[in-house]
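What follows is one structure encoded as structure tokens, with my remarks underneath.
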Amino acid sequence: MISAPMKRASLSAILLLAASMPAYAHVGIGTTSSFTAGFMHPLSGLDHMTVMIAVGLWAALKGGKAVLAWPAAFVGVMLAGGALGMLHMSLPFVEPGILASVVVLGLLVALAVDLPVSAGVAIIGLFALFHGHAHGTEVPENASGLEYMAGFAIATALLHATGIAAGLGLGIRFRGLARAAGAACAAIGVGLVFGVV
């Protein structure tokens with residue numbers, strides 16, 4: 001069992017690290033014309049990074065089919081949202097939806113919410129649609145735009161895998177650390193909502 005002071009210290013360290021990193025997942029930031037740009041983009045945006053890792057952590061906490069289904073749902077629906085964005089089809093509440101995804105997915109991990117796999121797919125898919133649409137509106141309607149989205153999808157899947165590996169690596173004995181990471185994600189989301197992160 002991990003002591004309460006250790007949990008607080010770990011959470012504080014995560015929050016301090018997160019506070020020092022800017023969030024760049026909003027429309028119009030950076031180059032969008034290559035596979036490399038697409039691959040690097042999720043790794044430079046705090047909101048996207050935390051959500052992707054949270055999806056992986058939540059899938060690991062749930063276990064079973066969720067370990068594959070939830071990340072696959074995110075990547076698949078994100079690409080569909082990206083296609084809608086590339087086609088300039090409007091979607092309401094994209095930015096609020098992205099910010100809500102950071103808070104909600106963080107809370108789902110922090111509280112170790114145990115939902116049916118299908119319900120998790122629905123929640124994750126909704127948020128993935130917002131993330132994908134935001135990034136799809138950034139990319140040009142040509143081959144380089146498709147390369148960008150491919151790089152973006154691969155980096156997203158790798159971030160999911162990082163969350164899964166961390167969640168499974170911590171196992172039952174250190175489940176509290178995974179939940180603390182979820183709380184940190186939710187706190188980052190609140191910070192983003194209020195513009196302090």
Side-chain angles (χ1 to χ4, degrees), residues 14-15 17-18 21-27 29-30 32 35-63 66-82 85 94-95 97-110 112-113 117 120-136 138-139 148-170 177-193 197:
I14 292 168
L15 289 175
L17 174 65
M21 300 172 66
Y24 291 117
H26 302 290
V27 177
I29 303 295
T32 58
F35 177 87
T36 303
F39 185 85
M40 293 307 297
H41 196 87
L43 305 177
S44 65
L46 184 58
D47 49 359
H48 197 80
M49 256 185 5
T50 53
V51 167
M52 298 317 109
I53 292 172
V55 167
L57 283 170
W58 192 34
L61 288 173
K62 173 68 175 172
V67 172
L68 292 177
W70 290 354
F74 195 101
V75 173
V77 176
M78 182 188 71
L79 287 172
V94 171
E95 290 300 323
I98 290 171
L99 292 173
S101 72
V102 184
V103 177
V104 171
L105 287 165
L107 288 174
L108 289 169
V109 174
V113 175
V117 174
V121 165
I123 291 167
I124 287 167
L126 175 64
F127 291 136
L129 187 65
F130 292 133
H131 280 266
H133 188 275
H135 294 289
E138 298 175 321
V139 300
Y148 175 84
M149 289 305 290
F152 195 85
I154 290 169
T156 296
L158 289 173
L159 287 169
H160 289 323
T162 300
I164 291 168
L168 294 177
L170 292 170
L177 281 177
R179 295 179 67 183
C185 178
I188 289 167
V190 171
L192 289 169
V193 168
V197 174

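Owing to the predicted nature of the structure, the values given are computational and were not obtained by experimental measurement.
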Indicate yes or no for a side-chain donor-acceptor contact from [X] to the backbone of [Y] under 3.5 Å, with no hydrogens or angles considered.
X    : Y    : value
W70  : G56  : no
W58  : G163 : no
H160 : M52  : yes

Quick one: are L159 and L43 in side-chain contact, heavy atoms under 4.5 Å?
yes
Within a strict 4.5 Å, meaning less than it, do heavy atoms of the F127 and V55 side chains meet?
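No - every pair of side-chain heavy atoms lies 4.5 Å or more apart.
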If you compare all heavy atoms of [X] against all heavy atoms of [Y], which two are closest, and at what distance to 0.1 Å?
X    : Y    : answer
A110 : A183 : CB-N, 3.5 Å
M78  : A153 : CE-CA, 3.8 Å
A178 : V109 : O-CG1, 3.3 Å
V117 : A66  : CG2-N, 4.1 Å
C185 : A54  : SG-CB, 4.0 Å
A59  : V67  : O-CG2, 3.5 Å

[atom1]-[atom2] distance between [X] and [Y], expressed to the nearest 0.5 angstrom:
X    : Y    : atom1 : atom2 : answer
I53  : L158 : CD1   : CG    : 11.0 Å
L61  : R179 : CG    : CZ    : 8.0 Å
H135 : I98  : NE2   : CD1   : 5.5 Å
H48  : F152 : NE2   : CZ    : 3.5 Å
L108 : K62  : CG    : NZ    : 12.0 Å
H41  : T36  : NE2   : OG1   : 14.0 Å

Look at the rings of F35 and F39 and say which category their plane angle falls in: under 30° parallel, 30 to 60° tilted, over 60° perpendicular.
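F35 vs F39 ring planes: parallel.
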From CA spacing to verdict: side-chain contact (heavy atoms from CB on, under 4.5 Å), L105, T50:
CA-CA 9 Å; L105 287 165; T50 53; over 6 Å; no
